[in-house]
Each structure stands twice: as C-alpha cells, then as structure tokens.
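The structure appears right after this line, and notes come after that.
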Amino acid sequence: MAFFKQILNNYELTLCQDVTPNMAQAKEMMYAITWNESKTHRVQVGIRPKRLLKALKQNQISNVVANIPVYKGMEIYVVDAKTKKILGATDASWVGNTAHFNHKGYQFIKRKHGDYIVAVCMLESMNAQTNIVAILIVGIYLTLASCLLVLMLSRVLKEKYEKEKYIYTSNTDELTKCLNRRAYDVDMEKLDLSSEWAYISLDLNGLKQANDSLGHSAVDELICVAANCMKFAFASYGKIYRIGGDEFVVLIQESVSNIDSILQAFDTTIHDWHGKYSNSISVSYGVVKSSEQDFDSIHSVSKLADERMYKSKSEYYNISGNDRRSYNE
C-alpha cells in the first residue's frame, strides 16, 4: 500500500486508489483512506466495484467495434449472447439496446463466439449488383469483426491468466507446491476462536543427519514427500502451509471431530513410505483444537501446538538415539 504513505504526515488528505489487484484475496479492489475526525486513527475502506469492472469490459468491446470502418449501408455490432444487449456497435447509438435480428429493410449475417454474437447488417434497398458486392464485403467485415473480438477476448483472458498465475505463485511454495508463509499469515488473520478448527504444527525429524550423510537431494526428497503425505491425509479437510525449511502447518476446518482418524491416515502414509535416497521419513507434530479450552488469541493456539510438536520431537530423539543437533535446526 505504498500509494497511501503520503497520508501519514497530512491529516487533511483523503486518498482513493483506482481498481487494483488484491493478491491476498484474489480480487480486483478499490481502496480509500482518510483520517477520523479526531485525527488519531486512519480509516481504510476497500470495495469490489462489480458494476465498474463490468462496464470496463463492455467499454473495451465498444471501443474495438466503434473503430472498425464500415461499407456504406452496413453496421457491425457485438451482442451479449445471454442478455441480447448490444455491447459494441459501429453506430454508437445502438449500444445498450436489445438486439433484434429482424429489422425491416435490413439483412443480417451473424456468428456466435462463446458468450458473444457478432452481427453484420445491411440495407435491402441496394440493387442486385451492389448486393453481390455488399455480401462479399459483409463476409469480410464479419470475419474481421470476429477476429478482432477473439483477439480482444484472448488479451483479456491472457491478462486474467497472468494475474491468477501471479496470485498462485505469490502464495505457493515453489518446492512443495503447498501454500507458503505469506498465505499462512493472511489465513491466520481470518481465523475465529468462536468457530471450531484444528491447528497442526509439523516438523521433519533428522533432516540434518540426512543432509550430512545423503546430501541436499535427499533433504529435498524428504521435504516433498512429507508435503505429499500431508496433502494425501489433510487436503480434503483444510489447508497445508510450508512456513519454513522443514516446518509445516495444517489448518483443519472440516470434520474436526474426526481429527484422530485423519491423523491416523497421515501416520500410516508416513510409515509406509520408502524413497530413492532415504528408506524412511519421520514427522513430529502437535495438534490443538480451538474448542479444547478458552484461548485468549489465535497465537495462543499456534503456540500450544508448537509446544506439543517440540515435545513429540524430543521424544523421537530420546527413543531413536539420533544426534539431537537435528532437533535444533
């Protein structure tokens, strides 16, 4: 929100921002910010301007069609296939009207492209010889208008794809394809202690030992395998985040009452795995339900889950007798 920094030292200033992609919410938003009456707090408002976004899309179509040169006695227009509203036309006065393909004194040729209909109409009053020429020209213009519409829609879809791709990559861990720390911080802000959910803190055991004896490839394999096991066991019930090198968090928001059987499925998946570089994998975790006690904050839930995870991790090293340097990673 660097745009709003200028308001920090100017209590009389009110700022409004144009339509801007909100990567955290995957939406196009408009924001405004101002000071309250006592000048002690800033007030920020964000809205999703659905009607404006729709109008912008229609204006793109209108501008493309309006700039197409036409043969005398012809008009080209683009119609919403569902509502039959004219979105763009070489005669601007047609825009916004309902399309009818049976106007007296006109002949029509139309073609449907996805959600749009491209139509070319011409006057019937032209003589036969002119009609032949006009029909040829109509065909050319219909193809031209269709191509321009497809080109414009392709550009819009490409921009949408690039935006969605950016949102995806900005919230996704590159190695494991789990959600990343950024997505975790955003989703943690949305949690409500009045609803039931479970927080699982997970950490891989023995990564340092694997790195020392088997190398980085083995470590990457173990991290990816752990992530895949989590996806297999937890993805149907919540979200999985990689928040550090070997640190993961799972937020369970569905079937919380079945958490024991869900964890059992995870334990079985981990136990049955055998890989290329390592023959086994071990994951310590701590689980906390939001409803198990009266927590004073979301942080209290995550802190207790971490404590339980570290206790489990300590028990693992005590039982296995492995070098506890791995525990301090």
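We number each residue from 1, following the sequence as shown.
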Non-hydrogen side-chain atoms of Ile200 and Leu263 separated by less than 4.5 Å: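 Yes; the side chains approach each other to less than 4.5 Å.
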
Set of ring pair (Phe, Tyr, Trp, His ring centres under 6.0 Å) partners for Tyr199, sequence neighbours left out: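 If we apply the ring pair (Phe, Tyr, Trp, His ring centres under 6.0 Å) test to Tyr199, skipping adjacent residues, there are no hits.
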
Judged by atom type as modelled, is there a donor-acceptor pair below 3.5 Å linking the side chain of [X] to the main-chain atoms of [Y]?
{"X": "Ser255", "Y": "Asn258", "answer": "no"}
{"X": "Arg242", "Y": "Gly244", "answer": "yes"}
{"X": "Tyr285", "Y": "Leu204", "answer": "no"}
{"X": "Trp197", "Y": "Ser291", "answer": "no"}
{"X": "Ser213", "Y": "Gln209", "answer": "yes"}
{"X": "Glu292", "Y": "Lys289", "answer": "yes"}

Once rounded to the nearest 0.5 Å, what's the spacing between atom [atom1] of [X] and atom [atom2] of [Y]?
{"X": "Asp246", "Y": "Asp203", "atom1": "CG", "atom2": "CG", "result": "4.0 Å"}
{"X": "Ile270", "Y": "Met230", "atom1": "CD1", "atom2": "CE", "result": "6.5 Å"}
{"X": "Ser201", "Y": "Glu247", "atom1": "OG", "atom2": "CD", "result": "7.5 Å"}

Assess the residue pair Thr176 and Asp173 against the criterion (side-chain hydrogen bond (donor to acceptor under 3.5 Å, both in side chains)); give the C-alpha distance rounded to whole Å, side-chain angles, the decisive distance to 0.1 Å, and a yes or no. CA-CA 6 Å; Thr176 64; Asp173 176 63; 2.6 Å; yes

Matching residue for Ile281 among Ile223, Asn205, Val225, Thr269 - test: side-chain contact (heavy atoms from CB on, under 4.5 Å):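 When side-chain contact (heavy atoms from CB on, under 4.5 Å) is applied between Ile281 and each of Ile223, Asn205, Val225, Thr269, only Val225 qualifies.
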
